[in-house]
Amino acid sequence: MSANDSHIKNVTIACTGCDLLHRISHLKAGQKASCSRCGTVLYHKKKNSVERTLALSVTGLILFFIANIYPILTLKVIGATTTNTLMSGVVELYQDGLIDAAIMVFLMSILFPLIKLLTLLYVLIPIKFNFFIKGRKVAFRIYKSLDTWGMVDVYLLGIIVAFIKLADFASVSVGLGLYALIFLIIITISSSITLDDHLIWERLEYQE
Amino acid sequence: MKIQNQTAKNASLISCHMCHKLNKKKASHSRCTRCGAKLHSRIPGSLQKTWALVITAIILFIPANIFPIMTVTEFKRGTPDTIISGIIALYNNGMWGVGTLVFAASILIPVLKLLALILLLLSIQFNWHWQPEQRTKIYKIIEFIGRWSMLDIFMTSIIVALVKLGLLLNVEPNLGASAFAAVVVITMFAAFSFDTRLIWDKIEK
């Protein structure tokens, strides 16, 4: 049996939008079932979900470290040069006394995206290679809870706006960190598309 | 796909909010048999929580817009920038695209989101039967777009980290940034504490 086989062929689920019960049977890979009353997607079966998501998460983790170590933008004004990283913005907000804003930026742009990558790997690796480790249900619950709170995509838009504003009076150049960040966002979005929640929960239910 | 024409609640079942497994309803607070999350048929105190967070966000929206989010100091002369004055400056410099983007993310989205939540809350409290499908869709949109309002805060954190050239040119973040970040986070919590199933519960009765 491959890692993508679903244990349950027939399943009853309630719509998350309106609570109406639906019976879903024999959904093929790539097919979607929507609620007959309010239109919310009930179940979306993905193709090779475990392998694809795992490959993306490993790549994502490498990109995450590159994006955090290397400078994002470099500013040159009248002979002086400054660069920034993801963390330097947090430090600057903190030093200027905006501790709550610093914490929020740190969580949303650095910590939550990292936790999302790590928890997803923690859940997917044992499923793919068929071994047992504890705490995967908690890990996947953490992943799901942080889903919207990791905001690298919004952060990128912030970089673009900052770039355009600064380019008005100074020379701004792009660093390796920014390229890594762009690929990290593509990876993050792709892995949320390839991830099959129902499949993961089914696997965890029968393995733990 | 066969529809059983019954909600989970009416069938004495609870759909887990985390993993969506159907659990049998028990007398007291119980946990999902599959993922271990706390079970609830509807988000507990959904309307009160959402109202409280919406009102808090509206109050915080005032300091978020009155106080500057950053101050640009050129040769010891400081000019504070609020969110609105930042947008106006972008328009004045001919950057219409970026100006509109920042306006949409910082002003339009939070305001529309709060108005939409108020509309949804009122629609449940006054038992409106009007367009349940459309109301569910409105919720899906506001649940999804709220996070984009963080744009201005991230931009500020990048600019203050880059523009550090001593007395010549310096940018400092100000209190408005904290207030605005709080507005974004609180409106996101407000959206997450709203339960669309309440819209449909009213239709059934």
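Proteins get letters first, then strands, A, B, ... in listed order; numbering begins at 1 in each. All values derive from a computational prediction rather than experimental measurement. Hydrogens, waters and symmetry mates play no part in the numbers below; they use all other heavy atoms, side chains included.
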Where do A:Thr148 and B:Arg147 come nearest, in terms of heavy atoms and distance?
O-NE, 3.0 Å
Which portion of B:Pro132 sits near chain A, non-hydrogen atoms under 4.5 angstrom:
neither
Please flag which part of B:Met95 lies under 4.5 Å from any non-hydrogen atom of chain A: side chain, backbone, both or neither.
side chain
When the 4.5 angstrom heavy-atom criterion is applied to A:Phe169 and chain B, the contacting part is side chain
Walk me through it: do B:Ile158 and A:Tyr155 pass the test side-chain contact (heavy atoms from CB on, under 4.5 Å)?
CA-CA 9 Å; B:Ile158 294 155; A:Tyr155 196 93; 3.6 Å; yes
Looking at chain A, which one of B:Ile14, B:Leu175, B:Asn174 has the largest number of heavy-atom pairs inside 4.5 Å, strictly under?
B:Asn174
Toward chain B, the part of A:Thr85 with a non-hydrogen atom under 4.5 Å
neither
Non-hydrogen atoms of chain A under 4.5 Å away: do they reach the side chain of B:Val184, the backbone, both or neither?
neither
Region of B:Ala89 that comes under 4.5 Å of a non-hydrogen atom in chain A
neither
Is there a side-chain contact between A:Phe140 and B:Cys35 (heavy atoms, below 4.5 Å)?
no
Parallel, tilted or perpendicular, as decided by the 30° and 60° cut-offs, for the rings of A:Trp149 and B:Phe192:
perpendicular
With respect to chain B, which residue among A:Val161, A:Asp100, A:Ile160 yields the maximal number of heavy-atom pairs within a distance under 4.5 Å?
A:Val161
Gap separating the CD atom of B:Glu133 from the CZ atom of A:Arg37, nearest 0.5 angstrom
10.0 Å
Highest number of heavy-atom pairs under 4.5 Å with chain B: which of A:Thr40, A:Thr74, A:Val90?
A:Thr40
Of the backbone (N, CA, C, O) and the side chain (C-beta and beyond), which part of B:Ile199 lies under 4.5 Å from a heavy atom of chain A, both, or neither?
neither
Measuring heavy-atom distances to chain A, does B:Val160 have an atom under 4.5 Å in its side chain, in its backbone, in both, or in neither?
both
Return the option, out of A:Arg141, A:Lys165, A:Lys144, with the maximum number of heavy-atom pairs under 4.5 Å with chain B.
A:Arg141
Less than 4.5 Å to any heavy atom of chain B: does that hold for the side chain of A:Asp153, its backbone, both, or neither?
both
B:Asp152 versus chain A, the contacting section by heavy-atom distance below 4.5 Å:
neither
Name the region of A:Thr16, side chain, backbone, both or neither, that has any atom closer than 4.5 Å to a heavy atom of chain B.
both
Could you check whether atom CZ of A:Phe183 has more than 12 heavy atoms from other residues, nucleotides or ligands sitting under 6.0 Å from it?
no
If I take atom NZ from residue B:Lys21 and atom CD from residue A:Glu205, how far apart are they, to the nearest 0.5 angstrom?
4.0 Å
Side chain, backbone, both or neither: which part of B:Lys140 has a non-hydrogen atom closer than 4.5 Å to chain A?
side chain
Bottom line for B:Leu101: the part with an atom under 4.5 Å from chain A's heavy atoms is side chain
Using 0.5 Å steps for rounding, measure from the CD1 atom of B:Ile153 to the CG atom of A:Leu93.
8.5 Å
Which atoms of A:Leu73 come close to chain B, meaning under 4.5 Å heavy atom to heavy atom: side chain ones, backbone ones, both, or neither?
both
Under 4.5 Å to a heavy atom of chain A? For B:Arg42 that would be side chain
For the OG atom of B:Ser178 and the CG atom of A:Leu98, what is their distance to the nearest 0.5 Å?
4.0 Å
Heavy-atom contact with chain A under 4.5 Å, split by part of B:Leu198
neither
